[in-house]
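I have placed the structure first, in the form of structure tokens, so that the comments after it can refer back to it.
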2 protein chains.
Amino acid sequence: MSAEVWKEYESNEISHSVAHHLAAIYELMRDQGYARVSDVARALDITRGSASLTLKALKAKGLVVEDHNKFLKLSEEGKGIVDAILGNRAIVRKFLKDVLKLDEQRAEIDACKVEHLLSAQTGVQLLHFVRFLFSADPIAKQFLTEFWERSEEDILSGDLLESVTSLLDAEK
Amino acid sequence: MSAEVWKEYESNEISHSVAHHLAAIYELMRDQGYARVSDVARALDITRGSASLTLKALKAKGLVVEDHNKFLKLSEEGKGIVDAILGNRAIVRKFLKDVLKLDEQRAEIDACKVEHLLSAQTGVQLLHFVRFLFSADPIAKQFLTEFWERSEEDILSGDLLESVTSLLDAEK
DNA sequence: GTCAGATGTTTTATTAATAAAACATCTGTA
DNA sequence: TACAGATGTTTTATTAATAAAACATCTGAC
């Protein structure tokens with residue numbers, strides 16, 4: 001793997017922590033109508049001091065704006081970022097849970113870990129795919145039924161890398 | 001989202017950096033037969049000093065072992081971890097590139113970002129899924145053909161979160 | 001009006017991963 | 001043999017995200 005590719009990770013503008021600070025504001029606004037530093041800290045289970053510092057940085061970056069009364073909200077740019085992240089989370093979770101049939105908890109955790117790292121294109125394409133999978137199209141219905149049936153028998157032996165490698169090799 | 005879920009991220013035993021140090025050793029061993037601190041540093045495009053410190057920690061954790069001549073290799077545990085990570089990378093990349101039809105570079109970068117974060121169960125289930133998709137089964141073939149045909153017209157309007165939300169709501 | 005409790009900020013410290021620079025060691029060539 | 005170049009380590013500094021503790025401010029109950 002090339003160094004340019006692996007170093008993309010660090011250049012990700014939105015860290016996991018930042019993603020969740022922004023998402024917390026979004027959810028607090030939606031659920032209780034307002035969001036203060038303390039509310040964010042409580043929601044994320046971190047200290048107020050920590051939230052205060054991270055949110056100060058986000059205000060400086062223009063992703064979060066503050067009321068005359070210290071009430072926080074997302075800027076337009078902040079909203080756009082949260083939208084992409086929560087969109088990715090929702091579609092990945094659905095795919096893992098309802099297509100791959102991972103248990104709820106696993107799907108939730110994995111989706112939460114990758115939501116801020118997947119590109120918007122990936123989210124959009126996955127949405128297309130899942131939408132077609134669950135559409136009324138008989139081929140899609142048949143495909144899903146057969147996949148799930150088959151999953152019950154088909155138990156993987158050996159290690160993952162080897163299995164994937166042989167799948168990839170088989171194509172050529 | 002619950003705090004227990006989002007904090008799982010930090011508790012991930014393998015960071016992106018560690019994942020790539022381990023993978024570099026694996027690939028160097030495979031490609032040139034040996035791996036030293038300098039080789040790893042060069043492969044990752046970081047300084048020798050940095051690689052030295054990170055690898056020291058990995059030796060202390062028992063994931064990497066060192067020759068009498070400073071040659072590095074993976075322990076059994078280290079091998080297991082690399083196996084899971086490269087397995088995840090390979091299957092995610094294939095899914096993104098050959099099913100969702102994302103361009104090569106995008107698929108590579110996204111797979112690289114999430115490879116160490118996805119659970120083994122997710123990797124295994126995705127492998128099952130992709131294997132069936134590309135199997136000789138006529139339903140799978142038909143399904144893929146129709147999905148790709150449809151993709152050409154079906155352009156998404158509006159924002160991702162809204163589209164996913166309406167997909168999710170539609171089910172109930 | 002006072003005091004308790006909640007809220008917000010700042011300062012100090014920690015951790016992981018990095019760079020940079022100084023230093024030590026090893027190796028091969030002239 | 002001596003020196004150049006590669007290799008490995010250590011030390012110092014930086015950054016992001018955290019905790020903890022000290023501090024300031026605000027608010028509401030009595």
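So that the names make sense, note that chain A is the first sequence line, chain B the second, and so on, each numbered from 1.
- Heavy-atom distances under 4.0 Å link DNA chain C to Lys70(A) of residues 62-75 of chain A, given in residue order.
- Not less than 6.0 angstrom separates the ring centroid of Phe147(B) from the ring centroid of Phe143(A).
- Look at NE2 on His20(B): it is 19 Å from P on dA16(C), rounded to the nearest Å.
- Using a 4.0 Å cut-off, no side-chain N or O of Thr54(A) falls inside it from OP1 or OP2 of dA16(D).
- The side chain of Ser17(B) places an N or O atom within less than 4.0 Å of a non-bridging phosphate oxygen (OP1 or OP2) of dT18(C).
- Direction of the helix axis in the helix from dG1(C)-dC30(D) to dA30(C)-dT1(D) shifts by 10° between the two five-pair termini, rounded to 10°.
- A donor-acceptor contact closer than 3.5 angstrom links the side chains of Glu115(B) and His20(B).
- The CG atom of Leu58(A) sits 16 Å away from the C1' atom of dG8(C) (whole-angstrom rounding).
- Counting only N and O atoms by type, the side chains of Ser119(B) and Thr122(B) include a donor and acceptor under 3.5 Å apart.
- Rounded to whole angstrom, the span from the CG atom of Leu53(B) across to the P atom of dT11(D) amounts to 10 Å.
- For DNA chain C, the residues of residues 27-48 of chain A within the heavy-atom distance limit of 4.0 Å (strictly under) are Arg36(A), Val37(A), Ser38(A), Arg42(A), Arg48(A), sorted by number.
- Atom C1' of nucleotide dG8(D) and atom CG of Leu55(B) are separated by 11 Å, given to the nearest angstrom.
- In summary, Asp39(B) and Arg42(B) engage in a salt bridge, as defined by a charged side-chain N under 4.0 Å from a carboxylate O.
- Lys56(A) has a side-chain polar atom (N or O) that falls below the 4.0 Å cut-off from OP1 or OP2 of dT10(C).
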